[in-house]
Amino acid sequence: MNDRYAVIGNPIGHTKSPLIHGLFAEQTQQDMTYVAIEGPLEPADAFDDTVRTFIAEGGKGMNVTAPFKLRAFAMADERSERASLAGAVNAMTFENGRIVAENFDGVGLVRDIESNLQQPMAGKRVLVLGAGGAVRGALLPFIAARPADIVIANRHVDKARALVEQVGAEGSLTACGYAELESMGQFDLVVNATSASLTGHLPPVPPSVFSANGTAYELAYGKGLTPFLRLARHAGVQGIADGVGMLVEQAAEAFAWWRGVRPRTRAIIDQLTVPLD
Ligand code: NDP
């Protein structure tokens with residue numbers, strides 16, 4: 001029997017992960033299967049049972065998506081530093097019955113920005129909108145990319161402050177509310193990591209934060225020109241991108257972790273890209 005992998009979430013019908021990992025496997029000639037599993041929402045321990053059944057049946061690893069990232073964190077035997085800071089897990093590998101947990105969302109995001117978009121973050125001013133799970137996952141990889149400063153703005157500012165406190169002041173990392181952004185000048189990179197775009201909304205970010213030579217990055221993907229990207233474009237920003245590259249890059253990180261071989265991503269990102277215009 002070939003090696004078995006899966007993504008688990010609920011709902012799961014929208015997932016692109018089986019397609020992405022299938023293309024990776026074909027490209028790197030790995031003998032494996034990758035399926036989507038709709039995880040049970042209740043009772044509370046039914047998720048754990050589903051994962052353990054998959055392991056018992058010979059499963060080698062799993063990706064985890066909403067709403068199970070925290071549940072997966074709780075059931076893991078071992079967690080990476082990134083997963084621990086995020087308090088959330090998006091990939092697991094199973095070793096002799098033990099669950100080892102990772103979070104590749106942040107490294108996938110940084111790789112997309114730095115390698116695919118060719119926008120190195122070192123020495124740059126970075127503004128992150130939102131302080132939810134995706135930001136928690138992104139923070140350590142962002143700090144490792146050594147920007148001049150990172151500002152995290154959130155509607156509920158206490159959440160952003162708590163996150164900054166938890167990470168500690170490695171480099172210049174600050175938290176604020178949206179109103180304070182008016183006086184903070186321009187940023188080289190503005191990342192919309194709120195979920196506002198999923199409902200067609202715009203976080204209350206002032207256009208003054210954008211720099212014409214900079215980059216505006218929308219974590220949501222497949223939605224075309226979101227209100228955030230439209231605002232950035234009106235502000236004259238040259239480089240705008242959505243999160244499809246992050247999606248494929250986090251998948252590539254998991255694939256490399258599981259299989260020991262790194263797949264090429266460019267053609268797959270192109271294949272999955274929904275044009276922004
Ligand atoms: P969470 O639910 O954990 O966090 C949501 C965040 O959005 C919070 O900071 C919340 O602020 C903020 N928010 C929601 N609505 C608004 C609004 N109308 N105005 C301002 N702020 C708002 O979500 P995640 O962190 O998991 O996901 C965030 C986004 O990232 C989603 O669009 C998701 O699809 C995308 N994503 C993309 C990935 C990819 O591979 N491309 C991977 C993971 C996520 P508050 O705390 O004040 O309520």
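Both counts, for ligands and for their atoms, begin at 1 and track the order of listing.
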Within a strict 4.5 Å, meaning less than it, do heavy atoms of the [X] and [Y] side chains meet?
X      : Y      : answer
Gln119 : Tyr217 : no
Ile8   : Phe54  : no
Glu95  : Val100 : yes
Asp48  : Phe68  : no

- Query: Do Asn192 and Thr194 get their side chains close enough for a donor-acceptor pair, meaning under 3.5 Å?
  - Reply: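 Asn192 vs Thr194: donor-acceptor pair found between side chains.
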- NZ/NE/NH1/NH2 to OD/OE distance under 4.0 Å, Glu218 and Lys223: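 Answer for the salt bridge query: no.
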- Can a salt bridge be assigned to the pair Arg125 and Asp149 using a cut-off of 4.0 Å between side-chain N and carboxylate O?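 Yes, Arg125 and Asp149 are salt-bridged.
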- Heavy atom under 4.0 Å from ligand 1: found in Thr199's side chain, backbone, both, or neither?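 For Thr199, no heavy atom sits under 4.0 Å from ligand 1.
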- Query: Which is it for Lys159 and ligand 1 at heavy atoms under 4.0 Å: side chain, backbone, both or neither?
  - Reply: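 The answer is the side chain of Lys159.
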- Query: Is there a heavy atom of Gln250 sitting under 4.0 angstrom from any atom of ligand 1?
  - Reply: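 Gln250 does not count as a contact of ligand 1 under the 4.0 Å cut-off.
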- Message: Please confirm whether Ser197 approaches ligand 1 to less than 4.0 Å, judged on its heavy atoms.
- Response: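 No, that is not the case, since the closest heavy atom of the residue is not under 4.0 Å from the ligand.
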Among all protein heavy atoms in this structure, tell me which lies nearest to [atom], with the distance rounded to 0.1 Å.
atom                    : value
atom 39 (C) of ligand 1 : Met246 SD, 3.6 Å
atom 28 (C) of ligand 1 : Ala193 O, 3.3 Å
atom 35 (C) of ligand 1 : Leu219 CB, 3.8 Å

Run down the list [options] and name the one with the heavy atom closest to [atom].
atom                    : options                       : answer
atom 3 (O) of ligand 1  : Ala66, Gly133, Ala134, Ala220 : Gly133
atom 21 (N) of ligand 1 : Leu198, Leu202, Thr194        : Thr194
atom 15 (N) of ligand 1 : Arg136, His201, Arg155        : Arg155

- Distance in Å, Glu249 CD paired with Ile20 CD1, rounded so as to fall on 0.5 Å steps: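 CD1 of Ile20 is found 10.0 Å from CD of Glu249.
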May I ask you to list the atoms of ligand 1 that are less than 4.0 angstrom from any heavy atom of [X]?
X      : value
Gly132 : 3 (O), 4 (O), 9 (O), 25 (O)
Pro203 : 19 (N), 20 (C)
His156 : 45 (P), 46 (O), 47 (O), 48 (O)
Leu247 : 40 (O)
Gly130 : 9 (O)
Ala131 : 9 (O)

Do any N/O atoms on [X] end up under 3.5 angstrom from N/O atoms on ligand 1?
X      : answer
Asn154 : yes
Lys69  : no
Gly243 : yes
Ser195 : yes

- Task: On the 0 to 90° scale, with breaks at 30° and 60°, tag the Tyr34-Trp258 ring pair as parallel, tilted or perpendicular.
- Result: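 Tilted: the ring planes of Tyr34 and Trp258 meet at 30° to 60°.
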- Query: Phe255 vs Phe24 aromatic rings, parallel, tilted or perpendicular, using cut-offs 30° and 60°?
  - Reply: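 Rings of Phe255 and Phe24: perpendicular, over 60°.
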- Please assess Glu102 against Arg79 for the test salt bridge (Lys or Arg N to Asp or Glu O under 4.0 Å), listing each intermediate value before the final yes or no. CA-CA 6 Å; Glu102 254 292 4; Arg79 306 167 185 99; over 6 Å; no
- Message: Taking transitive links into account, so neighbours of neighbours count too, which hydrophobic residues share a cluster with Leu225 at under 4.5 Å side-chain distance?
- Response: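 Members besides Leu225, by chain and number: Leu127, Leu129, Val151, Tyr178, Leu181, Met184, Phe187, Val190, Leu202, Val205, Val209, Phe210, Phe228, Leu229, Leu231, Val237, Ile240, Leu276.
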